[in-house]
Protein chains: 4
Amino acid sequence: MFFASDNAGPVHPQIMERLSRANEGHAMPYGKDAVMDEVRDRLRAVFEAPEAAVYLVATGTAANALALACYTQPWQTVFCAAVSHIEQDECNAPEFYSGGAKLTLIDTDNKMTPEALQAALDARLDGNVHAAQAGPVSITQVTERGSVHTLDELRALTAVAKSRALPVHLDGARFANAQAALGCSAAEMTWKSGVDVVSFGGTKNGCMGVEAVVFFDPEKAWEFELRRKRAAHLFSKHRYLSAQMAGYLENDLWLDMAHRANANAARLAGGLRHKGATLLHKPDANMIFASFPRATHQRLHAAGARYYAMGDVQTGPAEGPLPARLVCDWSMTDAGIDQFLSHF
Amino acid sequence: MFFASDNAGPVHPQIMERLSRANEGHAMPYGKDAVMDEVRDRLRAVFEAPEAAVYLVATGTAANALALACYTQPWQTVFCAAVSHIEQDECNAPEFYSGGAKLTLIDTDNKMTPEALQAALDARLDGNVHAAQAGPVSITQVTERGSVHTLDELRALTAVAKSRALPVHLDGARFANAQAALGCSAAEMTWKSGVDVVSFGGTKNGCMGVEAVVFFDPEKAWEFELRRKRAAHLFSKHRYLSAQMAGYLENDLWLDMAHRANANAARLAGGLRHKGATLLHKPDANMIFASFPRATHQRLHAAGARYYAMGDVQTGPAEGPLPARLVCDWSMTDAGIDQFLSHF
Amino acid sequence: MFFASDNAGPVHPQIMERLSRANEGHAMPYGKDAVMDEVRDRLRAVFEAPEAAVYLVATGTAANALALACYTQPWQTVFCAAVSHIEQDECNAPEFYSGGAKLTLIDTDNKMTPEALQAALDARLDGNVHAAQAGPVSITQVTERGSVHTLDELRALTAVAKSRALPVHLDGARFANAQAALGCSAAEMTWKSGVDVVSFGGTKNGCMGVEAVVFFDPEKAWEFELRRKRAAHLFSKHRYLSAQMAGYLENDLWLDMAHRANANAARLAGGLRHKGATLLHKPDANMIFASFPRATHQRLHAAGARYYAMGDVQTGPAEGPLPARLVCDWSMTDAGIDQFLSHF
Amino acid sequence: MFFASDNAGPVHPQIMERLSRANEGHAMPYGKDAVMDEVRDRLRAVFEAPEAAVYLVATGTAANALALACYTQPWQTVFCAAVSHIEQDECNAPEFYSGGAKLTLIDTDNKMTPEALQAALDARLDGNVHAAQAGPVSITQVTERGSVHTLDELRALTAVAKSRALPVHLDGARFANAQAALGCSAAEMTWKSGVDVVSFGGTKNGCMGVEAVVFFDPEKAWEFELRRKRAAHLFSKHRYLSAQMAGYLENDLWLDMAHRANANAARLAGGLRHKGATLLHKPDANMIFASFPRATHQRLHAAGARYYAMGDVQTGPAEGPLPARLVCDWSMTDAGIDQFLSHF
């Protein structure tokens, strides 16, 4: 009963097997390994972008911070949702990597709206040397509240950015879950919808620790390579990053796992609704925000369930509702989910 | 015949096995996994430092840059050998992580000498606001030229640093190889010799990608944690870093591999001497710099040998001597080394 | 009829005279001039802080950014009003000087309230390595909307900061205007109310370009000196900064000018009220925000008046109200103010 | 007898007068003052560069650090003389402003040679992601040892830079003294010799605190403006910077003062030679490095002379030679120089 995060689950056996296979003899370091050539080709195919610049790093924060830094001057500001990972959960990594840029927070408890983004842009006068200059727009897909932007929603956001010639970054730590939810192509969810660079997550979806950064403008390649090295994110034994991503992409494992994680969350959400819990955001993918009585939390904790409760579980009125974040991954079973629900 | 670097070899089976073992069920992320508790205890035992703050990162540059940043103000300068990795091979990572500190290069083609360090310090006036202020001293052990500082040499260097109250960092990307060469304890090579923080390498010695940073002053713990997170080097699925290091330390595998790598290098060095090559630095550990005729280089290249030649192998007088860097790891065989030598 | 800013007026003759007097022979550079000794003594007396560390820089942004940087780690966030100068008008200088810290904006259109500050602090969990850590609180006095915090209001804010052991910075670009408005002492408005460091403005109140930074904790002295030099804000011919500040402080010229500026603003505010304009914020000092019909704006513009209109003066309904910012300085005359009012 | 630095002398009356003249009524802030328009025109005429982007800052370090930052990526290295001001006397300002770039020191005790620069460039492999990338070349004219590069020498240096497509910065803190010494035009000493951006000093040559930064490529304009503001070097009461520079340029005052300073130094150098002192570098402009017995130093100190002695004046053999740096400015008199010499 571990619903705390999709970063707590195991690595899929197919990926472990691919790591073992990569572990033979000597290989060229620093991304010059043969497996990386395969990964590059596969990702370009996935994104229908034969010219894309494709790189691997080991953490989602590195993917986001490096991708954004390539599009952000230190005197600019990045536009993002107030609840975004880059604002809430990266301990100033975007500021560090960009050399001191600012984040302008679009007030929302889930998705950024085009209207709110437009208002934030309108509040900045072009050419005012005293203020931070408008920089990239960063969108999270799946959002940090578990919802998925439709393609229309994505395009409405990027259209606002493009009207000011601002680049667009997509934080796709849960890219696969979003794509599985939408049933669209990776190209549709990115460059065909106005995205310039994407953090394509693997870690939260069954890998050990690997994220791809895909630039649809190959001009960014060399700058990224220098930024990655300078930030100490260029792996010498890079083949083990490559092997993870190769195993992840092989036979659409990445989409299979995402479908399973989403299905697990759907089962959980259905059960929660049935048990009378309130769902706080639309649970489009593998993450659920639900509110239920403190007494239920207490039973779950006693039974060893792990998840984030937004408030004090032990102290307060037993009937008082308390929200929780519940995340599912590919490795969960129906039995585990039903066991969790049995405590309601 | 791959002698290009010790970052090109495979992961030791014991470590792969430990990774597989760690891959069961869910585990707490971000370093709160149970295996990390084991690793912390083991490393404190290895260093005879029960209070030490112990952390894992995935690259050697991250270990160096984060460790140094904890001891360097942006207006300071780090003292290091002109040939040091932090100067030559980290694409300004120390400058980035420290917020813009300088590196003062001690002129040497191998080990830093206490006299040269003293002279560099004497050239800086205390309290001169116009100049970079004196910051930490960084020593590489094994040096980038394959030599190992004796304990006396280490102590002579740290004594100079301590006479100015400067902290000392040890870049131990090849720590195990140095310790195997000296036959001393890890404590003797670090805090007992005046070292404040050490980058304890695993990657080059049979791991997949893991380095420990060990602070003998536990006061640095929280700052390091914040710096690591902000730099995007905190792994969510941290258990796979922990498992590597656990497998590395178990039954002294780390020292066994280092002894083997050093023995392989000794065999190679002996063979090279026997074949008339000139050894350019004292090959104390697993790295050799040797000079031999271009014609030999050409034969080796034709035979598929991989290593760094310092100059143009194909063009120039056949008899002209050309230096090479040759690095051995634990995975090499006597047969492979002898095959390499057979081309001389 | 120049009401655009108090940074557009002339230098007071007493200060010009003091500059001339300083311009004799050679003087020690970099703050070692004799006039600086006088300035230091005078400012310590003004602030009743005989141990205070006192420095001069030439711009208000430099004073703020350097003062804050001495209290902000790169992984922290500064708490400030959403309308604050450090957020709106410094082009990421606080982020630059702090090495990439964040600014957390307290939502307000004028003064920060203790409740809002408390809420912002409560939203940050202590010891959460993923989030920016709580850093200093920065308060602007006079606010950017022309209001002055009472001593009680100041103390209520600093009490919130102190309850979390956070340092407090006071942006006193218009310090003199605030003190003149409150009729209190400089000590009461700073360290006696919980302020740790103050930017004490001169430029907007009759100087050429000089601001003092006063640290009530002298331990910050050397770090400030290094930061100032590294940021290129240490003047070689420092005597001309010293002379400005000396002339400013002599015979309480600074308070005289502030009183005059405030009185000018009071006259203007009274006139505006009389003419039917709406005052948008409490005009406690020398800055007024007033709303009046577009037609009046048009007459004023036609007559050559200079000030900031918040919107399009030329296009739109003649009767539609449009806000304006109007700033008075010491050099304005009753006649000039009345001339401005005559266009209503 | 003040020969410590040319930053210790008074402001020329013509400049003081111009400051007084600028001190009338209100003026647009932040460089939009009318005097700046005049300054821009004049400097473009001086440099025969009608398209040049021209800006003013208050310190030489700001001019250098901002100019260099516009041409330096954080992962690059700046090539400069080991004795250069940017390396020795700016407390890591170039590193700070560039976001963490490195300085590669060309070993020299005075002028950088083209051969040494070429060797430093040759030591860097293009496209090696592990190393700092080659960035701008910075040349100081007059050098920090008082010598002046001939136009041929300048061109030989910039030719090396241009062969690698590297931009060239000229630190002209003593630009006027160099131009006076060479008798050439400002254009010849800059863009006609391959210089891309110049710090054109005023402070050391009779101004209060003003330096121009002149970009011959106007494309750099907006980036510079943003960098200047972000670094807190944009003056609100900018007219007082403009007025200084306007007074400086009027009637070639700048060249007159430089000629006088150089002539004063020539008189002093002649006297020193006559008295048996050894001149250590070619004193081409207004700065002299001379060695003479400690006993003489002691007499000079006793008589109140001020200058930098490189070593301990009071302790050591009376006959032992000790070097000194002696700097002349426009304000010195023959009598003052002769008085100094009388103590030999």
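Because only heavy atoms are used, hydrogens play no part in the values below, and waters and symmetry mates are left out as well, while side chains stay in. In what follows, chains carry the letters A, B, and so on, assigned in the order in which the sequence lines appear, proteins first and then strands, with residues in each chain numbered from 1.
Heavy atoms closer than 4.5 Å to chain A are found in the side chain of Leu103(C), but not in its backbone.
Residues meeting the ring-ring contact (aromatic ring centres under 6.0 Å, His included) test with Phe3(A), sequence neighbours left out: Phe340(A).
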Could you pull out every donor-acceptor pair under 3.5 Å between chain C and chain A?
{"from": "Pro74(C)", "atom 1": "O", "to": "Asn92(A)", "atom 2": "ND2", "distance (Å)": "2.9"}
{"from": "Gln76(C)", "atom 1": "O", "to": "Asn92(A)", "atom 2": "ND2", "distance (Å)": "3.0"}
{"from": "Glu87(C)", "atom 1": "OE1", "to": "Lys102(A)", "atom 2": "NZ", "distance (Å)": "2.9"}
{"from": "Glu90(C)", "atom 1": "N", "to": "His130(A)", "atom 2": "O", "distance (Å)": "3.0"}
{"from": "Cys91(C)", "atom 1": "N", "to": "His130(A)", "atom 2": "O", "distance (Å)": "2.7"}
{"from": "Asn92(C)", "atom 1": "ND2", "to": "Pro74(A)", "atom 2": "O", "distance (Å)": "2.9"}
{"from": "Asn92(C)", "atom 1": "ND2", "to": "Gln76(A)", "atom 2": "O", "distance (Å)": "3.0"}
{"from": "Glu95(C)", "atom 1": "OE2", "to": "Lys102(A)", "atom 2": "NZ", "distance (Å)": "2.6"}
{"from": "Lys102(C)", "atom 1": "NZ", "to": "Glu87(A)", "atom 2": "OE1", "distance (Å)": "2.8"}
{"from": "Lys102(C)", "atom 1": "NZ", "to": "Glu95(A)", "atom 2": "OE2", "distance (Å)": "2.6"}
{"from": "His130(C)", "atom 1": "O", "to": "Glu90(A)", "atom 2": "N", "distance (Å)": "3.0"}
{"from": "His130(C)", "atom 1": "O", "to": "Cys91(A)", "atom 2": "N", "distance (Å)": "2.7"}

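Between Ala131(A) and Cys91(C), the shortest heavy-atom contact is O-SG, 3.8 Å.
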